[in-house]
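Worksheet: the structure to be examined is printed underneath.
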Amino acid sequence: MPQIKKKGAQSDFFGDVYEVVRLIPKGRVTSYGAIAHYLGLKSSARMVGWAMHTCPKGVPAHRVVNSAGMLSGKHAFKTPTTMELLLKKEGVKVQNDKIQRFKDIFWDPAKELEL
DNA sequence: CTGATGACGTGTG
DNA sequence: ACACACGCCATCA
């Protein structure tokens, strides 16, 4: 098949990811798997991470972490501390590159948006 | 067009 | 409980 991909035509999946991430309330966080599952790609959490890597401005990617609540993508920011700093600024307790009380501030799109 | 890579998640040993 | 391997889909070289 002739890879008929339009230049810069990111799949709607990406746009959807950005939309969900943008809807994350301040002081809350979610995981790649949750977003992937919400979009139907339950097993493709990797793609979510990739979407974050290519995240356009306006997308609080710092509110998205892995299932362990660890700031795995902090290296994608200008400085490795930007992500942690932003989270702390929003009231999220972060220590050792890990979100404290992660389970408590976890924001599940499939649940919150469905409500 | 093929191959390799990547902000992850889940299952098995 | 910890360590390793596979799956998943899109982008880059």
Side-chain angles (χ1 to χ4, degrees):
Chain A
M1 78 242 286
Q3 64 266 82
I4 353 165
K5 62 173 167 193
K6 293 187 169 187
K7 127 178 121 157
Q10 306 155 225
S11 302
D12 293 346
F13 162 67
F14 271 63
D16 224 356
V17 173
Y18 302 141
E19 196 174 335
V20 175
V21 175
R22 246 177 256 162
L23 288 170
I24 300 176
K26 177 174 153 246
R28 290 289 181 88
V29 290
T30 188
S31 63
Y32 307 97
I35 298 173
H37 193 276
Y38 173 69
L39 299 176
L41 300 167
K42 51 184 184 178
S43 302
S44 303
R46 280 192 153 159
M47 244 304 73
V48 181
W50 213 248
M52 296 296 96
H53 191 200
T54 65
C55 70
K57 62 183 186 179
V59 180
H62 59 270
R63 290 182 191 155
V64 186
V65 295
N66 62 355
S67 63
M70 190 156 65
L71 309 182
S72 43
K74 58 176 189 163
H75 68 86
F77 291 79
K78 292 179 181 176
T79 61
T81 53
T82 305
M83 192 172 185
E84 182 179 328
L85 196 68
L86 285 168
L87 287 170
K88 281 185 179 174
K89 210 171 203 176
E90 300 195 347
V92 179
K93 307 285 192 282
V94 180
Q95 192 144 65
N96 197 6
D97 296 343
K98 243 195 56 241
I99 296 180
Q100 305 299 303
R101 220 49 197 190
F102 173 62
K103 198 171 162 190
D104 191 57
I105 63 176
F106 183 75
W107 184 80
D108 189 346
K111 190 177 181 180
E112 302 292 323
L113 294 178
E114 194 180 328
L115 230 68

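Note on naming: letters A, B, ... go to the chains in the order of the sequence lines (proteins, then strands), and numbering restarts at 1 for each one. Keep in mind that what you see is a predicted model, and the values were worked out from it rather than measured.
You'll find that the side chain of A:Ser31 is closest to B:dG9, out of B:dA7, C:dC9, B:dG9. Proximity note for A:Ser72 (side chain, C-beta onward) versus B:dG6, B:dA7, C:dC8: the nearest is B:dA7. The side chain of A:Ser43 approaches C:dC8 more closely than any other nucleotide in the set C:dA10, C:dC8, B:dA7. In the set C:dA10, B:dA7, C:dC9, the nucleotide with an atom closest to the side chain of A:Tyr32 is B:dA7. Closest to the A:Ala45 side chain, of the nucleotides B:dG9, B:dA7, C:dC9, is B:dG9.
Taking atom CH2 of residue A:Trp50 and atom P of nucleotide C:dC9, one finds them 16 Å apart after rounding to whole Å. Residue A:Tyr18 contributes atom OH, which lies 11 Å from atom C1' of C:dA10 at whole-angstrom precision. Rounded to whole Å, the distance from CE on A:Met70 to P on B:dG9 is 10 Å. Whole-Å rounding puts the A:Leu41 CG to C:dT11 C1' distance at 15 Å. Distance A:Leu39 CG to B:dG9 P: 14 Å, rounded to the nearest Å. The interatomic distance linking A:Met52 (CE) with B:dA7 (P) rounds to 13 Å, in whole Å. Put simply, NE2 on A:His37 is 20 Å from P on C:dG7, counting in whole angstrom units. Remark: P of C:dC8 and CD1 of A:Ile35 are 20 Å apart, rounded to the nearest angstrom.
The side-chain contact (heavy atoms from CB on, under 4.5 Å) test applied to A:Leu113 returns A:Leu23, A:Tyr38, A:Trp107, A:Pro109, not counting sequence neighbours. Partners of A:Leu41 under the side-chain contact (heavy atoms from CB on, under 4.5 Å) rule, at least two apart in sequence or in another chain, are A:Phe13, A:Ala36, A:Ser44. In this structure, A:His75 has no ring-ring contact (aromatic ring centres under 6.0 Å, His included) partners at least two apart in sequence or on a different chain. With sequence neighbours left out, the salt bridge (charged side-chain N to carboxylate O under 4.0 Å, His left out) criterion links A:Arg101 to A:Asp104. The salt bridge (charged side-chain N to carboxylate O under 4.0 Å, His left out) check on A:Asp108 picks up nothing, with sequence neighbours excluded.
Among the atoms of the strands shown, base atoms are found under 4.0 Å from some heavy atom of A:Ala61.
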- Walk me through it: do A:Val17 and A:Met52 pass the test side-chain contact (heavy atoms from CB on, under 4.5 Å)? CA-CA 8 Å; A:Val17 173; A:Met52 296 296 96; 3.2 Å; yes
- Item | Working for salt bridge (Lys or Arg N to Asp or Glu O under 4.0 Å), residues A:Glu112 and A:Arg28 | CA-CA 12 Å; A:Glu112 302 292 323; A:Arg28 290 289 181 88; 5.0 Å; no
- Message: For Watson-Crick and G-U wobble pairs within 3.5 Å on both distances, what is DNA chain C written in dot-bracket notation, | included for inter-strand pairing?
- Response: .||||||.|||||
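Under 4.0 angstrom from either OP1 or OP2 of B:dG9 there lies at least one side-chain N or O belonging to A:Ser67.
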